[in-house]
S.K.: 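Before I ask anything, here is the structure I am working with.
As the structure is a prediction and not an experimental result, all values here were calculated from the model. Hydrogens, waters and symmetry mates play no part in the numbers below; they use all other heavy atoms, side chains included. Note that the numbering runs from 1 along the sequence shown for the chain.
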Amino acid sequence: MLAVALFVNADADEIERLHSRVRFDAVQLHGDETPADLERIHRRLPDVKLIWARRVVPVDVDRLGREFDECRERGVPLFACLLDAKIDGVYGGTGQALPWKEISQRYRRAEWPPLILAGGLTPDNVAQAVRIVRPFGVDVAGGVESDRGVKDPQRVRDFIEAVRTVDARSAE
């Protein structure tokens, strides 16, 4: 299990300060960070895994490819890429589902970091999303809330059970 700290538009100094007080294994960067920003973070905290959130709709594989190439050129190892819906001015938690079939067909798994799927996932649709996309992981926020910012324990349990059901079926 990884302890993951989520940041939106934080700089390397801020991330390093927090890491010195609260040890975490990975950072999820969910803002407008660039490959140069990721390089600065990686140089300061080389043992911390980097999860880079990219807000995409439509899925611009050319842009993703260029960004991943630049990370490689800068020596930035990406632990995973989280794909989320893009709504201008909103960083995550949009409740908007991504085009799962398009992602499944266009995400270059052999070349790119492991995929974490986000965007509009709920206990009711996550199993279908996992079956279509076959991501490395899933990320949820609003899809398990009973009220804005309030996680509902039963919805969290239902979400996890839905994901585990797909995993169990795929193991058969």
S.K.: Measure across G31 and R55 and return the closest heavy-atom pair with its distance rounded to 0.1 Å.
M.R.: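 Reported closest heavy-atom pair: O-NH1, 3.2 Å.
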S.K.: Would you please name every residue forming a salt bridge (charged side-chain N to carboxylate O under 4.0 Å, His left out) with D69, sequence neighbours left out?
M.R.: R72
S.K.: Any idea which heavy atoms bring I15 and V27 closest together, and the distance?
M.R.: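 Answer, listing the atom of I15 first, then V27: CG2-CG1, 3.9 Å.
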S.K.: Would you say the side chain of H30 lies within less than 4.5 Å of the side chain of D84, judging by non-hydrogen atoms?
M.R.: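 Yes. Closest side-chain heavy atoms under 4.5 Å.
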S.K.: Do you know which of L78, V76, I116 makes side-chain contact (heavy atoms from CB on, under 4.5 Å) with W52?
M.R.: L78
S.K.: Any salt bridge (Lys or Arg N to Asp or Glu O under 4.0 Å) involving residues 16-27? Give me the pairs, sequence neighbours left out, ordered by first then second residue.
M.R.: E16-R44
S.K.: Report yes if some heavy atom in the side chain of L45 is under 4.5 Å from a heavy atom in the side chain of D47; otherwise report no.
M.R.: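 In short, these two side chains do not touch, never coming nearer than 4.5 Å.
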S.K.: Can you sort out the partners of W100 under ring-ring contact (aromatic ring centres under 6.0 Å, His included), two or more places apart, ordered by chain and number?
M.R.: none
S.K.: Less than 4.5 Å apart, any side-chain heavy atom of Y107 and any of P135?
M.R.: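 SC-SC contact between Y107 and P135 ruled out.
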S.K.: How far apart are the closest heavy atoms of R109 and S104, and which atoms are they?
M.R.: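 Scanning both residues completely, I find the closest heavy atoms to be NH2-CA, 4.2 Å.
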S.K.: Are I51 and W112 grouped together when hydrophobic residues (ILVMFWY) are joined by side-chain heavy atoms under 4.5 angstrom apart?
M.R.: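 They do not share one cluster, since no chain of ILVMFWY contacts under 4.5 Å joins I51 to W112.
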S.K.: Run the salt bridge (charged side-chain N to carboxylate O under 4.0 Å, His left out) test against E14 and tell me which residues pass, sequence neighbours left out.
M.R.: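 Checked E14 against salt bridge (charged side-chain N to carboxylate O under 4.0 Å, His left out); zero matches.
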S.K.: Run the salt bridge (charged side-chain N to carboxylate O under 4.0 Å, His left out) test against D139 and tell me which residues pass, sequence neighbours left out.
M.R.: none
S.K.: With a 4.5 Å cut-off on side-chain heavy-atom distances among I, L, V, M, F, W and Y, is there a chain of contacts connecting L82 to L115?
M.R.: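 Cluster IDs for L82 and L115 differ.
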S.K.: May I have all residue pairs that pass salt bridge (Lys or Arg N to Asp or Glu O under 4.0 Å) and include part of residues 150-163, sequence neighbours excluded?
M.R.: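 Output for this query lists E145-K151.
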S.K.: Report all side-chain donor-acceptor pairs from residues 117-130 shorter than 3.5 Å, counting only partners two or more places apart or in another chain.
M.R.:
| from | atom 1 | to | atom 2 | distance (Å) |
| --- | --- | --- | --- | --- |
| T122 | OG1 | D124 | N | 3.1 |
| T122 | OG1 | N125 | N | 3.3 |
| T122 | OG1 | N125 | OD1 | 3.4 |
| N125 | OD1 | T122 | N | 2.7 |
| N125 | ND2 | G120 | O | 2.9 |

S.K.: R43: which residues meet the side-chain contact (heavy atoms from CB on, under 4.5 Å) condition with it, sequence neighbours left out?
M.R.: E39
S.K.: According to a hydrophobic-cluster definition based on side-chain heavy atoms being under 4.5 Å apart (Ile, Leu, Val, Met, Phe, Trp, Tyr only), do L2 and V48 belong together?
M.R.: no
S.K.: Considering residues at least two apart in sequence or located in another chain, which fulfil the side-chain hydrogen bond (donor to acceptor under 3.5 Å, both in side chains) criterion with T34?
M.R.: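 T34 satisfies side-chain hydrogen bond (donor to acceptor under 3.5 Å, both in side chains) with D37 once adjacent residues are dropped.
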S.K.: Does any pair with a residue in residues 117-162 pass ring-ring contact (aromatic ring centres under 6.0 Å, His included), and if so which ones, sequence neighbours excluded?
M.R.: F79-F136
S.K.: Nearest 0.5 Å please: distance from the SG atom of C71 over to the CZ atom of R66.
M.R.: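 Answer rounded to 0.5 Å: 13.0 Å.
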S.K.: Starting from F7, can I reach V4 by hopping between I/L/V/M/F/W/Y residues whose side chains sit under 4.5 Å apart?
M.R.: no
S.K.: With F24, which residues qualify under ring-ring contact (aromatic ring centres under 6.0 Å, His included), at least two apart?
M.R.: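 F24 satisfies ring-ring contact (aromatic ring centres under 6.0 Å, His included) with H19 once adjacent residues are dropped.
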S.K.: Using every non-hydrogen atom in the two residues, find where E33 and N9 come nearest and quote the distance to one decimal.
M.R.: OE2-N, 2.9 Å
S.K.: Decide yes or no for R54 and R63: does some side-chain heavy atom of the first lie under 4.5 Å from some side-chain heavy atom of the second?
M.R.: yes
S.K.: State, to 0.1 Å, how close C81 and P113 come at their nearest heavy-atom pair, and which atoms those are.
M.R.: N-CB, 3.9 Å
S.K.: When Ile, Leu, Val, Met, Phe, Trp and Tyr are grouped by side-chain heavy atoms lying under 4.5 Å apart, directly or through other members, which residues fall in the same group as M1?
M.R.: none
